[in-house]
Protein chains: 2
Amino acid sequence: MAVDRDQVLRGAAALLTRKSTATMDEVAKAAGISRATLHRHFAGRDALVRALEALGIAECETALDAARLDEGPAPDAARRLVREIEPAAGLLAFLYTENQLFEGEELHHGWTRLDDRISDLFRRGQLSGEFRIDLTPAWLTEALFGLLASGAWMVQSGKGAPKDFQHMIAELLLGGALRPGQAPHSPAPQNPAPQSSATQIEES
Amino acid sequence: MAVDRDQVLRGAAALLTRKSTATMDEVAKAAGISRATLHRHFAGRDALVRALEALGIAECETALDAARLDEGPAPDAARRLVREIEPAAGLLAFLYTENQLFEGEELHHGWTRLDDRISDLFRRGQLSGEFRIDLTPAWLTEALFGLLASGAWMVQSGKGAPKDFQHMIAELLLGGALRPGQAPHSPAPQNPAPQSSATQIEES
DNA sequence: CCAGGATGAGACATCTGTGTCTCATCTGGG
DNA sequence: CCCAGATGAGACACAGATGTCTCATCCTGG
């Protein structure tokens, strides 16, 4: 009855997302198969993590496609992105922190692709005047992943409601903690604004 | 010559911050002592992590004190917080993700104290009308830690400049990615927003 | 100068997780 | 109905890390 490889991966992801140090034995149990069978499908823990990485990347790519990042206002695209990527947030949180371990090893080239696609969104928003330009697209991308991880953990630990996930992340990422209209205090120099789509009231 | 325990901890932190899976042997070398001596000071890896936790908490408490969170405009206090806490960011990043492992175990009560103090800052900012009220203080606190970790990793990986650390985090946390003046699209209802820095208590 | 305390180096036993292999069992297709 | 293929259970050896202990050495204070 050939174990459903994808099913196994999802079971593994569900566990490793919560306990990143879980044993192959625990993973096997979580997936509902024996350790032997787990080994038959994935040469070792490393191979398993790689497979999860591939799964995570694939889900992200799918999410990015579904979010149609290059359509409409950039902020709306960012919100769509958060919405589409939510199901993968737990897995991403695992992979994101896991990646901090791979010191020298080259990281999966798929990540750089994702990074690029998301960075492009932020860059597009900057060019259109919708996003501020004193925060680099690379940082905004990194911050998005960080917030996704924080949000996923918060929900998992029960400190936050799942229904608030998208709002929490998208709103903080886009609007920050300040109330709209609040003038920044020690702001970075912001160009007079080439301006563009929407109204902007200029600050200070 | 009694090894300087604090010195050892900082050495360990410097390494574990980069490689969270480092061996006791590696930690010892990094701290410039033998594994035997390391064991004489810390019963085991667990004890070491606990000590690091205590160190991180202590540094955070110090940073919070130095930031004088209850003085002046909340946004300014938040910026001071980011500035003061920067030196501990690496250690925090390690502890923050490490904490995701302690499943059932009660986490060091020092964390909840820190959480409370920071949450209070955000709550204060909300009451004064400086911070938006549709994001809970708990989430803002969590997000701050997440961004600190992301920022620390970004700097460590060389993808970001250390000098930008404070600006990246404080500005994103407070102002978000949107340009000032950009009207939020799918925003939560937010009051018209009075004016700027000084006191303002109202709010709904 | 000498004794006590601390450290470094390394031996050792132990433990845990891993990877491999065997064998009985089960299931589905021919 | 029968066989091939896949799975579960468990034995085994191995590698890496850990915790403990011993012994020689090196300060440092008295």
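In what follows, chains are A, B, ... by sequence order, proteins preceding strands, each numbered from 1.
Rounded to whole Å, atom C1' of dT7(C) lies 17 Å from atom CZ of Arg5(B). Look at CG on Leu38(A): it is 16 Å from P on dA6(D), rounded to the nearest Å.
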Could you list all N or O pairs between the protein and nucleotides 16-22 of chain D that sit under 3.5 Å apart?
| unit_1 | atom_1 | unit_2 | atom_2 | d |
| --- | --- | --- | --- | --- |
| dA17(D) | OP1 | Thr23(B) | OG1 | 3.3 |
| dA17(D) | O5' | Thr23(B) | OG1 | 3.3 |
| dT18(D) | OP2 | Met24(B) | N | 3.0 |
| dG19(D) | N7 | Arg35(B) | NH1 | 3.1 |
| dG19(D) | O6 | Arg35(B) | NH2 | 2.9 |

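When the side chain to side chain contact (heavy atoms under 4.5 Å, CB included) test is applied to Ala47(B), the partners found at least two apart in sequence or on another chain are Phe42(B), Ala43(B). Residues that satisfy the salt bridge (Lys or Arg N to Asp or Glu O under 4.0 Å) test with Arg124(B), not counting sequence neighbours, are absent from this structure. Shown here are the salt bridge (Lys or Arg N to Asp or Glu O under 4.0 Å) partners of Arg117(A), two or more places apart in sequence or in another chain: Glu61(A), Asp65(A). By the salt bridge (Lys or Arg N to Asp or Glu O under 4.0 Å) test, Glu86(A) is found to be paired with no residue, residues two or more places apart in sequence or in another chain being considered. Taking the side chain to side chain donor-acceptor pair (under 3.5 Å) definition, one finds that Arg68(B) meets it with Glu71(B), sequence neighbours left out.
Here Ser34(B) does not reach the OP1 or OP2 of dT7(C): none of its side-chain N or O atoms lies under 4.0 Å away. When the side-chain nitrogen and oxygen atoms of His41(B) are compared with OP1 and OP2 of dT7(C), one or more of them lie within a distance under 4.0 Å.
Taking the six-membered ring for Trp and the full ring otherwise, the centers of Tyr96(A) and Trp153(B) sit less than 6.0 Å from each other.
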